[in-house]
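Labels below follow one simple rule: chain letters A, B, ... track the order of the sequence lines, proteins then strands, and each chain is numbered from 1.
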There are 2 protein chains.
Amino acid sequence: MRATSPHSGEALLFLTDEQLRQGIEAMFFAYRGFTADPDRILQDMSYGRAHHRAVHFINGAPGTTVNNLLDILGVTKQSLNRVLRTLIEDGLVESRVGTTDKRERNLYLTDEGKALERQLSDAQRARMRAAYRSAGPEAVAGFKTVLEAMMDADMRRHYRKLREGR
Amino acid sequence: MRATSPHSGEALLFLTDEQLRQGIEAMFFAYRGFTADPDRILQDMSYGRAHHRAVHFINGAPGTTVNNLLDILGVTKQSLNRVLRTLIEDGLVESRVGTTDKRERNLYLTDEGKALERQLSDAQRARMRAAYRSAGPEAVAGFKTVLEAMMDADMRRHYRKLREGR
DNA sequence: TTGGAAAGTCAACAAAGCTGACTTAAACTC
DNA sequence: GAGTTTAAGTCAGCTTTGTTGACTTTCCAA
């Protein structure tokens, strides 16, 4: 039995179950590569992937609030708080009381925080750059199109917003 | 200052740090979507994402050994063993002593295991299919090209081997 | 035939998620 | 101005999934 409907022609060959399965496995293996380099750097320090994510998004949107970060990262307050607390204690992140709304905390990377972010993102970008270069611009465009279509609507909103903000 | 080397023309615009950063964030947000549906199904049962991965790859390569699975999943023996033990106890996976080498265990999904695999992969494929359909075949080709280039060499080997085996 | 290597298992621990209940302070609303 | 809502942060306790190290069984080769 064919995976797609019986009348689907050659034009939809890329939608067969086998093709989809390949895509699933590609995502799995590629994500491992994607995180491998920063993970390696982090394992010597007392930080993990969660710290990387926090540092990444604070760097990309300096002054962001805790609530906004929670929304982007999709974790619970306690989970983020544990990570944020260590980063603040270690002087990588600065938390300033909001100017307009004093309940909020605006988060910034310190110089030390920026140095770590740079180290991690350099490693991650190097792999990304190599992949992009070997695949070529058209493949990269397709790559982004499919990834964007794969996101939940909420995440797509965040993704686009971050893109605009720069 | 330009991100790439000064003499890189328009043809390499897709290699700027900003473009790479977008790709990094796209991977992050998309991976969340990618795992969201199976995760939702699993949270009601007493299983997690690790069980899904084991079931997925046993299904794709019936009779595989524990060692091979360790290599594919990239986790430690104990991490896999815990997962495998519950799956075997619950009758989703069968572990048969190897015929040629009795140190090995060959792993198979039982009918019940196959049913769970089907349920999870149906959900994951549905999202994948929607993303593929909206992006179109050329984008899908580019998507796979970039993902494959992003893998570690070891993982790319596994990826291709699994593809051949079917 | 024995001694090392390989496959698998077990115990104990660490990182990073989660829930739920609670406090504090500021902002909003009526 | 009193009462409610919101943002942030804390505490306690749990789950999943990763880790290392020690152990048994089996195989193979010197």
Side-chain angles (χ1 to χ4, degrees), chain A residues 28 31-32 35-36 38-56 58 63-90 93-108, chain B residues 28 31-32 35-36 38-58 63-90 93-108 120:
Chain A
F28 172 71
Y31 198 78
R32 288 257 299 284
T35 58
D39 281 357
R40 225 180 331 266
I41 293 170
L42 285 161
Q43 80 179 26
D44 297 330
M45 322 180 184
S46 53
Y47 298 133
R49 205 179 287 179
H51 300 83
H52 180 195
R53 293 198 281 256
V55 163
H56 174 98
I58 294 172
T64 188
T65 63
V66 173
N67 244 4
N68 185 43
L69 211 49
L70 281 176
D71 219 27
I72 288 177
L73 297 177
V75 297
T76 56
K77 236 195 315 188
Q78 172 64 338
S79 203
L80 176 57
N81 210 266
R82 192 191 305 121
V83 164
L84 228 37
R85 189 167 42 209
T86 65
L87 289 172
I88 291 168
E89 278 170 6
D90 294 351
V93 167
E94 193 190 348
S95 165
R96 295 184 208 153
V97 172
T99 50
T100 64
D101 186 336
K102 289 179 188 165
R103 290 173 305 179
E104 294 182 341
R105 301 287 181 277
N106 296 115
L107 303 170
Y108 300 88
Chain B
F28 173 71
Y31 198 78
R32 290 257 298 281
T35 57
D39 282 357
R40 228 182 326 268
I41 293 170
L42 286 160
Q43 81 179 27
D44 297 330
M45 323 182 183
S46 53
Y47 297 133
R49 205 178 288 178
H51 299 82
H52 179 195
R53 293 199 280 255
V55 163
H56 174 98
F57 286 107
I58 294 172
T64 187
T65 64
V66 173
N67 237 11
N68 185 43
L69 212 48
L70 281 176
D71 219 26
I72 288 176
L73 297 177
V75 296
T76 55
K77 267 196 279 193
Q78 171 60 346
S79 203
L80 175 59
N81 204 260
R82 192 191 303 117
V83 162
L84 230 36
R85 189 168 41 210
T86 65
L87 289 172
I88 291 168
E89 279 170 6
D90 295 352
V93 168
E94 193 191 347
S95 165
R96 297 185 208 152
V97 172
T99 49
T100 64
D101 186 336
K102 288 181 188 164
R103 291 174 302 179
E104 295 181 341
R105 300 288 180 276
N106 297 115
L107 303 170
Y108 301 88
L120 295 172

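Distance A:Lys102 NZ to D:dG9 P: 17 Å, rounded to the nearest Å. Remark: C1' of D:dA7 and CG of A:Leu70 are 10 Å apart, rounded to the nearest angstrom. Residue A:Leu73 contributes atom CG, which lies 13 Å from atom P of D:dA8 at whole-angstrom precision. Straight-line distance from the CZ atom of A:Arg96 to the C1' atom of D:dA8: 18 Å, rounded to whole Å. Whole-Å rounding puts the A:Leu87 CG to C:dA15 P distance at 14 Å. We find that CG of B:Leu69 is positioned 16 Å from C1' of C:dT9, with the value rounded to whole Å. When rounded to the nearest whole Å, the span between CZ of A:Arg82 and P of C:dC18 equals 9 Å. Remark: C1' of D:dT10 and CG of A:Leu84 are 14 Å apart, rounded to the nearest angstrom.
Under 4.0 angstrom from either OP1 or OP2 of C:dG17 there lies at least one side-chain N or O belonging to A:Arg53. Between B:His51 and D:dT17 there is a side-chain N or O to OP1 or OP2 distance below 4.0 Å. At the phosphate of D:dA8, OP1 or OP2 sits under 4.0 Å from a side-chain N or O atom of A:Asn67. For B:Thr76 and D:dT19, the shortest distance from a side-chain N or O to OP1 or OP2 is below 4.0 Å. Between B:Asn81 and C:dG8 there is no side-chain polar atom (N or O) within less than 4.0 angstrom of OP1 or OP2. At the phosphate of D:dA8, neither OP1 nor OP2 sits under 4.0 Å from any side-chain N or O atom of A:Arg85.
When all heavy atoms of B:Thr65 and B:Asn106 are compared, the closest pair comes out as CG2-ND2, 3.9 Å.
Of the candidate nucleotides D:dG18, C:dG17, D:dG9, D:dG18 has the atom lying nearest to any side-chain atom of B:Val75. The side chain of A:Ser79 lies closest to C:dA16 when the candidates are D:dA8, C:dA16, D:dG9.
Not a single donor-acceptor contact under 3.5 angstrom links the side-chain atoms of A:Arg105 to the base of D:dG9. In the interface, the side chain of A:Lys77 is paired with the base of D:dA8 through a donor and an acceptor atom under 3.5 Å apart. Applying the 3.5 Å distance criterion, the base of D:dT25 shares no donor-acceptor pair with the side chain of B:Arg103.
Relative orientation of the A:Phe28 and B:Phe57 rings is tilted, given thresholds of 30° and 60° on the angle between their planes.
Nearer the 5' end of DNA chain C, as judged by each residue's closest nucleotide, is the contact made by A:Gln78, out of A:Asp101 and A:Gln78.
Separating the CG atom in A:Leu84 from the CD1 atom in A:Ile58 is a distance of 5.5 Å, to the nearest 0.5 Å. Atom CG of A:Leu73 and atom CZ of B:Arg32 lie 7.5 Å apart (nearest 0.5 Å). Separating the CD atom in B:Gln78 from the CG atom in B:Leu70 is a distance of 11.0 Å, to the nearest 0.5 Å.
Counting non-hydrogen atoms under 4.0 angstrom, A:Ser46 reaches nothing in the nucleic acid. As judged by a 4.0 angstrom heavy-atom cut-off over every strand, A:Arg49 is placed among residues touching the sugar-phosphate backbone only.
Applying the side chain to side chain contact (heavy atoms under 4.5 Å, CB included) test between B:His51 and each of B:Leu120, B:Leu87, B:Val93 identifies B:Leu87 as the sole match.
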